[in-house]
Structure formats: C-alpha cells, structure tokens
Amino acid sequence: MKFINYLKDIHNVQIYPMFTLILFITVFILATILVFSKSRKTITEIKNLPLED
Amino acid sequence: MNTNQTQQSTGSSLAQTATSGIQQETFYYDNKSVKFFAYATLFWGLVGMTAGLWAAFSIAYPQVNLGWAPTTFGRMRPVHTNAVIFAFVGNAIFCGVYYSLQRLCKTRMWSDKLSKIHFWGWQALILLGALSLWGGFTQGKEYAELEWPFDIAITLLWLAFGANMLGTILKRRVSHLYVAIWFYIGTWVAVAMLHIVNSIAIPQSFLKSYSWYAGVQDALVQWWYGHNAVAFFLTTPFLGLMYYFVPKAANRPVYSYRWSIIHFWSLIFIYIWAGPHHLLYTALPEWAQGLGTAFSIMLIAPSWGGMLNGLLTLRGAWDRVREDAILKFMVVALTCYGMATFEGPMLSLKSVNAISHYTDWTIAHVHVGALGWNGFLAFAMLYWLMPRLFNTNLYSKKWANTHFWLGTLGIIFYVIPLYWAALTQSLMWKKFTPDGILQYQFMETVTTIQPMYVLRGVGGLLYISGLILMIVNIWKTVKQGKFVANEQSQASPLPKKYESHGKKEHWHGWIERRPVQLTVLSLIVVGIGGIAEMIPTFLVKSNIPTISSVQPYTPLELHGRNIYIREGCYVCHSQMIRPFRDEVARYGEYSKAGEFVYDHPFQWGSKRTGPDLARVGGKYPDSWHYNHMLDPTSMTSGSLMPSYPWLFTDRIDKMKTYDMIKVMKKLGVPYPAGYENNANKDLDKQAEKIKKSLEKDKIKVSKNEEIVALIAYLQRLGTDIKNEPKKESITD
C-alpha cells in the first residue's frame, strides 16, 4: 500500500502528517545549510572542548 | 572549616591568580557524586542483570519460578527491565553527565545538595520501586510499571537533576555548549514530557491507579512513551556520553562537529514519531501506523550519521584498539548501535513486522542495543573514568580484555538463539497444511524453541560473568588508588560579551550558548511529533469506532483484570489479534479498536511466549482455567507457564470494589448512577455462578478466592462481539 493511502484515512486532519514531513525536511535542510556555513575556526574550537580538561 | 575546605565543598572560586595577564579562577570538580553514581551503576547492573538471568531461565525451566509470587516471570521481568533501564543505565547516565558536564562547563555542579538529593533519592526510588514490582504493584504498562507515588517521585527527582544541570550550565566558564550537553538537555526535556504524559492516572489507593487513557489511545500514548524511553533514555544521553568519552579515550576530537549538530536536531525531531511502529497491524488507526513506519525509516539517517561520527573519531587510533580494552568496548558499542538502529527501521516495515512482532526477535533486537550499546559504552566509560577519580591506573588491563570477550560472546550467545527462535516460531505459527488448517499447535512452537531459551540464558550468564570480573577489577583499582573528592582546576571566567570569529554572529552560535532557549527549542522539536500523532487520535471520533455490544467489565471481572495485571500476564500474552489468516484461524476474529474502550490500561502486550488471549473467553470451561492456573502442565503438556498457587488461597478484596467503580466512572466508564454501592452484590452473584460451574466438574472452591475473579475476567475476554456473548450484565 502506498503511503498516501494511509493518509486518506484521517478525517479532517489530512494536513498533519504532510505539514510535519514538510516541516522536518525544511528544518533538516536549513540546519544543514547553517551548519556548513559556520566558520572552520569556531567548529575547531568547539570540537576540541572535551580535550581541554 | 578553613578557607580551602570551604572552597572545595562549595566549588566557589575564592582564589584568583594572574597567569600571563589572563585572570584565572580556581575551582573544584565534585568527584564524589560521580563516584557514587559509578558504584550504583555497577551494583544495579549486577542486580538488574541477575533478575534478567533469573527471568531467562524461568522461561526455559518453569520450576525456576519457585511457585512463589515475587519470583514468577510476570513479576521478575518488570523488575529486570526497570532495574537495567532506570537503575543501571540511569546511574551510568548520571555518572557520565556529572563527570563530563563539570569539565565541559569548567565549573562545579551547581548544587552539592541537589546532587545528594538526586543520588540518594534515585537509589531509594529504585529500591522501593523494585520491591513494589515484586509485590505486584504495577500499572501494567511496559517500562512504566511503577505506581503513581513513584511516578511523582521520578518527576521530582528528574526536576532536581534538571535544575542542577541547567544551573551548572548557566554558571559555566566556557562560552560554547559542546554537543554532548545538547544531548543531555534534549534527554532531560523529552524524558520529562514522556514521563508526565504517559503517567497520567487516577489513583484508587496508595499503590493502585488506572491509566487516564483507554484502549487504542492508551496504546498510542504507551508506545509513544515506550519507544521514546529507548530513544531518550537509552540513546540520546548515551550519544552525549559518546561525544565526550570517545574523543577522550581516543585522545582526538570528534570526527565531524558539523555532523553532530545535524545528528542532534534531526534525531530528536524524528525519534518522537516512531512509536506507532510497535503497533503495526493492530487496532491503531492505519494513518498513525503509516507515520510510525515512515519516520522509523527516516531515523536510519541521523542514527547512522552519529554512529559513523563516533567510529570515525577513532581514525588514526585503530592500532590502539588492539591493545586498549576501553576502545574495544567503544567500537563494539558503536557497532551495536549501528546494527540496532538499522534493524529497528527494518522491523518497522509492515512486511517484516508481520513476521517479527510478538516473537523473540524484538527481545534480540532490544538486547543488541542494551547489552552492546548501553552496556559496553557504560563499561568503557567506567574503565576510563574510575582510575582517574582515584588517581591511579586500572588494576588489570588483562581482566578488562577478558571482560570484553566474555561480554562479546555473551551478546552473541544471547541474540543468535533468539533470532533463530523468532524465525522458527513465527514460520511455524503461520504454517498451514495443504488442507488449509494450521499445521502446528501453539504449544509445539514453544517446545521447539525451548533449547534456544536455554542458550540465551548461557549468553546472559557469560555477560554477567564479565560484569562480575569488572566489579572485582574496579574494586582492586579503587583499593590501590587515592580518591580525589574535589579535583582542582583553573579557568578564565566567562566573558560577558561573546566574541564571534566571523563577521556576523551565526544563528547556531547564538542558540548553542543559551541553554534555556536551547531547552525550549528542544521541547518544541520533540513535542511536534507527539502532538501531531496524538491530537487526531484523541479528538477525531472516527479513529475509534464504537461497538454497541461492548459493555463495561463487571466488578468481578475488574478484580480479575487487576489480578491479571498484578501477575504481569501481559508480558507473555497478547490481547490483540492481527488481521492475518493464521491469527484469525488460531485465535478468532481480528481485534477491533472499539473493543478496548473500557480498558484502563490496555493489555495488548508485545510478546507471545504464550498464546494470544483476546478471544479466550468461552473457549474453555471454567474448570480448565482453574486447573491451568494451578498446574499449567496438567492442561497443556510441556507448558512453560508458572503455576499460581496463591490465587487459590488469597481472597478477593471486596472492600476495594467501591473505589474501583468510582474511579472507573471518573474515567468515563458508563456504570449506572450509584452502581458503586451495589457492585459487590453483582460480584457475589457472578462468583456464585462460577463456583457452581466448577462444582459441576468436581472442584470445590470458595467464591471469594482470587482464582474466581481471574476466571471471570478470562471468560469475558473477546466475548462482547461474539454472537452469543457469555457475560454478566450490570444491574441498573
């Protein structure tokens, strides 16, 4: 059964799963873009924190 | 108390020194709390795993149940699961968090008093909780069995932990919050939310309550909680520990910090959705099942991203893995995490789940994660940490290596027989003869896999042997070292204004320096999935169609149901017939959502060590149930079920009927007005009927014995939608 067939059984709330899927994909893409736009120096500084005891 | 002692006990920075022009503050890390949590981890690990071993052998050999209530599988299994999850893993989390958080924030824990309350409160909770479970006081919901006073205590202690953690973060001397801390915050937020929502119940007495939710809704909430207990108690905090302790042990930074950020946000967002994959093909609305499956598949990406990030952190250190037991434990832990998080989504595929669900496959899957990921990472952390707390070296590296191999062999011996058992049993369940009838009786499928249960016990024995060796090794390490209760350190105070490396401050740089905002954002991210899944199921009536013939339980049946819950029957018997040919042929018509509207709590179960009971009502005479509970093998040759002799001497507590009906009415069960005053009359009438029915089969019984109530409940199961319901009516 296709995924869309599961969704059609929701009465009046079809927007829910679609909205959340889109929300997740948007957040995921945005987070990826933002994370990869961080400066290398900052990233290096943070990733070394555990080794600075 | 002199100045130095004051400094050490409060962690305050009274001394300031000037080094190279930068003002440094001196402070002391609290190692005492870390040590206590470490000891508790080892102690409860041994207790919890021994309970598990007992449970494992009691399935293989029913005599091990001893015919004594606290040692039966139905009570021992919740003790095992609660002890290993909340005691062993819980204390390991707190141990790692208290150690790493102080160092990542370069400050002492915010409050020594809260640390003490948290530690002793948690241990008291575990001890009393275990005793209550042995005593049969349970809410009957897997991994959330503890009764309402314990739920309140858990909430308060969790708040104490959270306050101490956030307080520590707020007074830190490091600008950035390292990713491990995000995982700790995410864990705290999500566990608080899950625990509170799932634990809503109405108390009947001090140690008895009924879930606020019923049937399908209870199932959805419970597995939203149950799955996310795995996610946010067994996974995210350990990922936080992984991001701290793997770089420490490998002495190199995490492979990709960028991955870790994506890992965190995507993992906490997706995990919360996946709960319904525990309810595939059940009476849960299909759209919710579909969502659970889809998000479970998506979960592979962040899980494997995190796993690979951990393994790749060891790049350039693989030569050390040969010698270093700590790194060995970490590698296997991460590999098991990878295996479990690949297998989980695969088990969420409906076609795979049709075979795997209700079998030992789930148990094997869980133990790859629990023994491999949680157990091994906890062991690695303790082997790394304890010598440092005691300013010495590990007593025996050889013993640690032996522990590693015992543990690894233990995991292999544990899971392979169970995978084998699961596939064997599931295929046997589904096998039809050419004439179209089921080829195997349920009992035949049980006796076939019994040797695999023995082998699983051997695996557990190996694993525990390794743990005992570790306890001795740590004990010897402690003996040879000198404990550093207050470890001195120095750091510059946190600058009031953050200096960004770039031209403009980065969005994520902003959030990762603000713990309160990060906590709120985490709550929103984890809350979305829960809200989106639950609101439609709760508010849209079409999700749970009602069935007019489904009536509330009679008072005697309610007493019987409470006994069913008390004895943990749900850990071995499901009450959910899936719409498969073999299940319908074996158990009867598939289960409908509307059949469970008065089930507080639902009792669908998750495993069929014994057969499904959803439609057992009317299948056998009352005397069959009587004899079966007294000696299961007298009715079913080769049965692995324990006997329940105390049900034949203990009396039904009729004094509780009034409160029981009152609570049910509060929960919306439509008993007639004032029924609580007359309920015991109906109870006596029904009990008398069962007594007479037993007398016909030459069984003398008092109508007040608990077995009568249990028989009433079992005979009611699934009869409401049968053509000729065999049930008592409730007098108006």
Side-chain angles (χ1 to χ4, degrees), chain A, chain B residues 100 103-104 106 174-180 243-245 247-248 251-262 264-266 269-270 273 285-291 293-295 298 301-302 350 489 500-502 506-509 512 525 528-529 531-533 535-536 539-543:
Chain A
M1 191 187 271
K2 287 181 181 171
F3 183 65
I4 195 73
N5 291 330
Y6 298 126
L7 303 181
K8 75 178 180 191
D9 288 342
I10 314 170
H11 301 287
N12 307 321
V13 288
Q14 296 90 335
I15 195 72
Y16 269 82
M18 274 305 174
F19 171 74
T20 42
L21 269 172
I22 292 163
L23 180 72
F24 169 69
I25 291 164
T26 311
V27 170
F28 187 81
I29 291 169
L30 274 177
T32 308
I33 293 168
L34 286 166
V35 160
F36 280 91
S37 65
K38 280 189 99 158
S39 81
R40 186 179 289 272
K41 199 175 172 190
T42 309
I43 288 286
T44 312
E45 184 185 306
I46 303 172
K47 78 195 282 191
N48 280 304
L49 283 176
L51 305 176
E52 290 170 2
D53 288 359
Chain B
S100 60
R103 281 144 183 94
L104 286 170
K106 295 208 186 302
V174 179
S175 172
H176 287 284
L177 292 180
Y178 182 66
V179 70
Y243 276 119
Y244 180 80
F245 286 101
K248 292 295 277 186
N251 198 27
R252 58 200 65 229
V254 64
Y255 174 69
S256 169
Y257 195 75
R258 288 189 167 99
W259 278 16
S260 73
I261 298 173
I262 300 171
F264 173 76
W265 289 112
S266 51
F269 184 91
I270 299 177
W273 293 81
E286 207 157 271
W287 64 266
Q289 297 183 34
L291 268 184
T293 300
F295 275 85
M298 285 203 276
K350 289 187 103 174
S489 188
S500 169
H501 291 295
H506 191 279
W507 165 80
H508 212 273
E512 70 193 33
V525 170
I528 290 171
I531 290 166
E533 275 177 354
I535 284 183
L539 297 185
V540 183
K541 279 198 166 178
S542 58
N543 278 309

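Here is how names work: the chains are called A, B, and so on, in the same order as the sequence lines, proteins then strands, and each is numbered from 1. What you see is a predicted model; the values in this text were computed from it and never measured.
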If you look at every heavy atom in [X] and [Y], which pair is closest and at what distance?
| X | Y | answer |
| --- | --- | --- |
| A:P50 | B:Y243 | CG-O, 4.3 Å |
| B:P253 | A:L51 | N-CD1, 3.5 Å |
| A:I46 | B:Y178 | O-CD1, 3.4 Å |
| A:S39 | B:R258 | C-NH2, 4.1 Å |

Look only at the side chain of A:K47 and the backbone of B:S256, and say whether a donor-acceptor pair between them is shorter than 3.5 Å. no
At a heavy-atom separation under 4.5 Å, does [X] approach chain A through its side chain, its backbone, both, or neither?
| X | value |
| --- | --- |
| B:V254 | both |
| B:S266 | both |
| B:F264 | neither |

Approximate separation, where rounding is to 0.5 Å, of A:I29 CD1 and B:I262 CD1: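 If we round to the nearest 0.5 Å, A:I29:CD1 and B:I262:CD1 are 11.5 Å apart.
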Output the distance between atom CG (A:L49) and atom CG (B:L104), rounded to the nearest 0.5 Å. 6.5 Å
Among B:F245, B:Y244, B:W259, which residue forms the greatest number of heavy-atom pairs with chain A at distances under 4.5 Å? B:Y244
Does a side-chain heavy-atom distance below 4.5 Å link B:W265 with A:L30? no
